[in-house]
Amino acid sequence: MKGLLLRLSALDADAAAALRVIAHFEALLGAGRRLDAESLVRSTAGLAECPAGLEVGGRMVRFGPAGTLPAEPLGAVSGSAEFAPGGRVWLERPGAPGPLDELVLEWLAIAAGVVHGSREQDFAPSQVADPALVERVLSEREAVEDRARALRLLGLAPELPLRVVAVAGASSVAVLGRRELRPGVRVAAVGPLAVALAPGAASSADELRAFVRDQGAQGVRIGVGGSVPALDAAASWAQARLALRFAVDVAGLPDEAVVDHDALGPVALLADIPVDRLRAQPDVRALVGLAEGRGGPAALAALTAFLRTGSLRHAATDLHLHHSSVAARLSGAENALGYRLTDPQDRFRAQLALYAVRLAEPET
């Protein structure tokens, strides 16, 4: 694991830090029944480099980053999380929470639940995977037997289905390291992206949308590939990266940040059009010009919400604005495009132009 983290740190310091958090708690949980509350809190305080605490059933456990009991009383809690049965864990960091404190607290709560017997049956964490093995699984150039061996080393069955998830942006590995994704996920950093190999045929797109929506994970974009036999993971990897090109971080519209390739349908064929041709298309040029002008991002957000919902009032609800404000912004988009969005054909045309704008952006 140390060698894996050293290699990752050369690629992405944020990814390496997130993977270190996940690996830390996986190692603790691997100790099984040997893990106790004192060991858990002491190690977490050292990992987070600030005092950490746990309280359940009227009993409190606290340790400082040096592994000793803090002499000072309970300080300001910078973040906390609850676990069953009726327990709570927290960090006492001066000032604002650290960038990975939320991930630390989530895994600390999971581990505390295991220690106190509430999650022993259903806990099955995501696992930090060796990027070299994941890259071998995703490669079309590797022989079938080599891909099968890599899958087995990752603990995945070559004959069963899986989906590949690609995440771009800050804290991308932290997103994939969360428990909502489902048990058995293998997480790694591949180039600038975080990648998850998610066993099973069902899509995790809705779970990921819920995470982005609830946690406000700004700057994160996610593409979900289709279900394929594990030996054909390269196909799902290509689909995940294609879906990622359609994903966009729009303020107020977190669902736009997650795109499931299966849901794109024939729209995915737009990705076959050369980028230069997309950028030269008049509607695309108009929307790019709008985005670069004053108030342009707000107008594009209004257009995106309106085209997604098909309703001015629903778009206003999603953007937390009055419908008159959305109408004014849509008017700016209509002026840039030169046609009205009341016509179904024009709405379809605007939607295609919006997709083309996303595809015309440089690939991650």
Side-chain angles (χ1 to χ4, degrees), residues 163 165-172 174-176 178 180-181 193-194 196 203-226 239-271 275 278 283-284 286-288 290-292 295-321 323 325-326 329-330 332-333 336-337 341 347-364:
R163 286 176 182 261
V165 178
V167 185
S171 303
S172 54
V175 172
L176 294 183
R178 302 182 69 87
E180 288 93 339
L181 258 182
L193 301 177
S203 173
S204 58
D206 287 341
E207 303 163 54
L208 290 164
R209 287 191 188 99
F211 165 74
V212 174
R213 189 184 310 117
D214 296 342
Q215 303 299 324
Q218 295 183 351
V220 171
R221 297 183 300 109
I222 304 173
V224 180
Q239 292 172 350
R241 285 178 292 148
L242 188 152
L244 188 63
R245 293 180 62 193
F246 284 90
V248 63
D249 177 34
V250 179
L253 299 173
D255 285 1
E256 295 289 329
V258 182
V259 175
D260 188 337
H261 182 273
D262 289 350
L264 287 173
V267 171
L269 297 176
L270 287 174
V275 170
L278 291 174
D283 287 1
V284 174
L287 288 181
V288 170
L290 175 67
E292 294 174 348
L300 279 184
L303 178 62
T304 301
F306 176 72
L307 293 175
R308 169 185 276 273
T309 64
S311 161
L312 184 63
R313 292 189 179 275
H314 290 162
T317 298
D318 284 355
L319 292 169
H320 305 289
L321 295 170
H323 64 88
S325 297
V326 175
R329 296 177 184 186
L330 282 178
L337 290 167
L341 298 172
R347 286 200 299 274
F348 176 70
R349 178 177 168 183
Q351 182 67 77
L352 287 181
L354 201 57
Y355 282 141
V357 168
R358 299 178 186 184
L359 293 171
E361 292 293 320
E363 290 191 50
T364 303

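Residue numbers start at 1 and run along the sequence shown.
- Every side-chain contact (heavy atoms from CB on, under 4.5 Å) that Ala315 has, sequence neighbours left out, goes to Ala305, Phe306, Thr309, Val326.
- Considering all non-hydrogen atoms of both residues, Pro297 and Ala291 come closest at CD-O, 3.5 Å.
- Side-chain contact between Asp262 and Ser203 is absent, with no heavy atoms from C-beta onward closer than 4.5 Å.
- At least one donor-acceptor pair under 3.5 Å links the side chain of Arg221 to the backbone N or O of Leu244.
- Pairing each heavy atom of Leu290 with each of Gly332, the nearest pair is CD1-O, 4.1 Å.
- The two residues Ala353 and Val284 make their nearest non-hydrogen contact at O-CG2, 4.1 Å.
- Applying the side-chain hydrogen bond (donor to acceptor under 3.5 Å, both in side chains) rule to Asp255 yields the partners Arg213; only residues at least two apart in sequence or on another chain are considered.
- Annotation: the span from Leu337 atom CG to Leu287 atom CG amounts to 4.5 Å, rounded to 0.5 Å.
- Taken to the nearest 0.5 Å, the CG atom of Leu278 stands 12.0 Å off from the CG atom of Asp283.
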Would you please test Arg329 and Leu321 for side-chain contact (heavy atoms from CB on, under 4.5 Å) and show each step? CA-CA 11 Å; Arg329 296 177 184 186; Leu321 295 170; 3.2 Å; yes
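- Taking 4.5 Å as the limit, every side-chain heavy atom of Leu359 sits out of range of all side-chain heavy atoms of Val275.
- Scanning for side-chain contact (heavy atoms from CB on, under 4.5 Å) contacts around Asp206 gives Arg209, with sequence neighbours left out.
- Val259 is not listed as a side-chain neighbour of Val224, based on a closest heavy-atom distance of 4.5 Å or more.
- Remark: side-chain polar atoms of Arg347 are paired, donor with acceptor, to backbone N or O of Leu341 under 3.5 angstrom.
- The line from CG of Leu300 to CG of Leu253 is 11.0 Å long, rounded to the nearest 0.5 Å.
- Checking side-chain atoms of Ser311 against main-chain N and O of His314 turns up a donor-acceptor pair under 3.5 Å.
- Of all heavy-atom pairs between Leu270 and Tyr355, the closest is CD1-CB, 3.9 Å.
- Taking both residues in full, the closest heavy atoms of Val258 and Ala205 are given as CG1-O, 3.8 Å, listed atom of the first, atom of the second, then distance.
- Between Gly223 and Ala243 the shortest heavy-atom distance is CA-CB, 3.9 Å.
- Scanning for side-chain hydrogen bond (donor to acceptor under 3.5 Å, both in side chains) contacts around Arg358 gives Glu256, with sequence neighbours left out.
- In this structure Ala268 satisfies the side-chain contact (heavy atoms from CB on, under 4.5 Å) test together with Leu242, His261, Leu264, sequence neighbours excluded.
- Every residue two or more places apart in sequence or in another chain was checked for a salt bridge (Lys or Arg N to Asp or Glu O under 4.0 Å) with Arg313, and none qualifies.
- Side-chain contact between Leu193 and Val167 is absent, with no heavy-atom pair separated by less than 4.5 Å.
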